[in-house]
Amino acid sequence: MSATRIATFDDWVDLFRVWRNDIGVNYSEIDSYHFEAKFGPTRSNEIEFGAFKGRPKWQKVLDIPDQRIRDGLMNLIIYQGDTEFASVEQQRRLFEHSPSEHDRKSLCRVVTEEMRHGWQMCHLLINHFGYGGKVEAQKMLERRAFESKRLLGAFNQEVANWLDFFTYTDFVDRDGKFQLTMLSYSGFEPLAQSMNPMLREESFHLGTGHDGLKRIVKAEVVPLNIVQKYVNKWIPVSYDLFGVDQSSSAHWFYVWGLKGRYDEAQTQQEVDLGHMNEHNRHLYFLECEKLIEQINKHVPAGAVPLYVPHMKFNRHIGEFADQSYSVTGELLSPEKYAEHLKETLPQPEDIKLVGEIQDTEPKWVSPKGSMDLS
Ligand SMILES: [Fe+2]
Ligand SMILES: [Fe+2]
């Protein structure tokens, strides 16, 4: 892309159009969508926790009393925005393989809203963070998921088929819901106000994924052990998205009032600053357990039900990173672990099979509306 730097938000919008063409998602519904920044209500006008608790939320970056806090805030926005555009890049090739017109429309809505989320983060960067913010908003459209240039591991993985898509939207977008909720308590008012509209949109993505997985299980065309392999692919990368254990940045984000705990609004528990990421990751794990339980209601009697992979399995961030733990959390020898990975993660032949099913089996995903409400 151009070596010149953008000066205004309109300049960025021009780049955003170029990016959309470049990615190949300029379908008519997307092209005619009215992209805009949306701001909604927040729980409080005062900073809710940390060293500045009780003070009015910051309206402008210059209201923030310390450069380290301003830098930390800008980083949170960059990372969030990067995931939004990355997910569109990951999903860009699914349109031609939609199980139904209903699903094609859902996909269209999901990618459009992810673009709007990226737009929202760039809007904040450009309008509040001066020259540095403009540079970052531009870089956001220059990295590519399919060149492994996105900032977080999950967002450089391949989404090759609709089983990937549904598992991704159920579990990776769910990490998104956790991150947005934590940012909804932010002491920086424009960021906190951005979260309510994003969370509303996000809930559609989660529902699409969760419903889609149930429909695949119900259709009984894709073998269940392959569905499990996709669950094993996407849940551990989502564990990683919560960050390192005993994170000092998560500690400071809380002390500075920039990012709360996922259950900040409900919990009476004293904050444990040394284990912020572990706390949120654990809540995520519990939510995954409930989701898998719901999907299992559609598993035929006598079949092996789906499970949530252990928190130690296939991790690349944190204290269990790059160790040989099994899906049930046992430490295996390197040889056994190599075998185990083949049995538990999608292999080239599994990906090929799902691709073939997707293109030749019209009923491989149960029709929408054939589900009970569980
Ligand atoms: Fe999003
Ligand atoms: Fe999403």
Side-chain angles (χ1 to χ4, degrees), residues 16 19-20 23 25 29-30 33-40 76-95 98 103-125 136-137 140-141 143-145 150-159 162-184 186 190-213 230 233-235 237-238 240-242 259 262 280 284 287-288 291:
F16 173 63
W19 172 80
R20 256 159 46 199
I23 298 306
V25 293
E29 302 96 310
I30 295 173
Y33 179 83
H34 176 63
F35 287 94
E36 60 178 336
K38 295 181 186 172
F39 296 92
L76 285 172
I77 298 171
I78 293 167
Y79 272 78
Q80 187 56 47
D82 194 72
T83 69
E84 310 288 359
F85 291 121
S87 70
V88 179
E89 293 167 355
Q90 288 171 299
Q91 294 163 13
R92 74 196 190 285
R93 292 226 186 97
L94 297 173
F95 286 88
S98 307
D103 291 300
R104 208 195 85 90
K105 282 192 180 134
S106 297
L107 171 65
C108 224
R109 179 167 162 190
V110 169
V111 299
T112 307
E113 289 172 349
E114 301 301 15
M115 287 188 240
R116 197 199 73 71
H117 298 171
W119 172 292
Q120 182 88 24
M121 293 301 102
C122 289
H123 190 273
L124 294 179
L125 286 172
E136 290 298 338
M140 200 94 83
L141 297 174
R143 291 185 281 266
R144 292 286 180 276
R150 291 294 174 182
L151 301 177
L152 298 165
F155 297 93
N156 291 316
Q157 299 278 323
E158 198 183 0
V159 176
W162 278 74
L163 177 53
D164 264 323
F165 175 67
F166 289 137
T167 321
Y168 182 103
T169 37
D170 201 0
F171 297 109
V172 182
D173 283 56
R174 193 163 305 273
D175 164 79
K177 178 188 80 163
F178 273 67
Q179 301 299 333
L180 300 179
T181 303
M182 295 187 267
L183 293 175
S184 74
S186 184
L191 179 61
Q193 288 173 330
S194 297
M195 292 303 130
N196 177 289
M198 285 171 74
L199 277 163
R200 281 162 177 268
E201 289 163 344
E202 209 55 55
S203 71
F204 174 76
H205 312 174
L206 308 180
T208 299
H210 194 50
D211 202 48
L213 279 181
Y230 280 80
K233 171 183 175 182
W234 290 110
I235 291 186
V237 292
S238 304
D240 279 347
L241 288 174
F242 285 87
K259 186 174 177 184
Y262 178 64
N280 298 313
Y284 172 82
E287 194 161 312
C288 289
L291 296 161

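Model, not experiment: these values are computed from the prediction. All values below come from the heavy atoms of this structure, side chains included, with hydrogens, waters and symmetry mates left out. Ligands are counted one by one from 1 in listed order, and the atoms in each one are counted from 1 as well.
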*asked:* Check whether Phe204 forms a cation-pi arrangement with Arg109 (NZ or CZ under 6.0 Å from the six-membered ring centre, at most 45° off the ring normal).
replied: yes
*Tell me which N, O or S atom of His117 sits nearest to the Fe ion (ligand 1).*
ND1
_Between Glu113 and Arg200 (salt bridge meaning N to carboxylate O under 4.0 Å), is one present in this structure?_
no
*the Fe ion (ligand 2) is nearest to which N, O or S atom of Glu202?*
OE2
*Salt-bridge test for Asp173 and Lys177: reply yes if a basic N is under 4.0 Å from a carboxylate O, no otherwise.*
no
*Of all N, O or S atoms in Asp173, identify the one at the shortest distance from the Fe ion (ligand 2).*
OD2
*Glu84 atom (N/O/S) at minimal separation from the Fe ion (ligand 1)*: OE1
*Would you give the angle at the Fe ion (ligand 2) between Glu114 atom OE2 and His205 atom ND1, to the nearest 10°?*
90°
_I need the minimum non-hydrogen distance between Cys108 and Ile30, along with the two atoms involved._
SG-CG1, 4.0 Å
*Step by step, would you call Tyr168 with Gln157 a side chain to side chain contact (heavy atoms under 4.5 Å, CB included)?*
CA-CA 10 Å; Tyr168 182 103; Gln157 299 278 323; over 6 Å; no
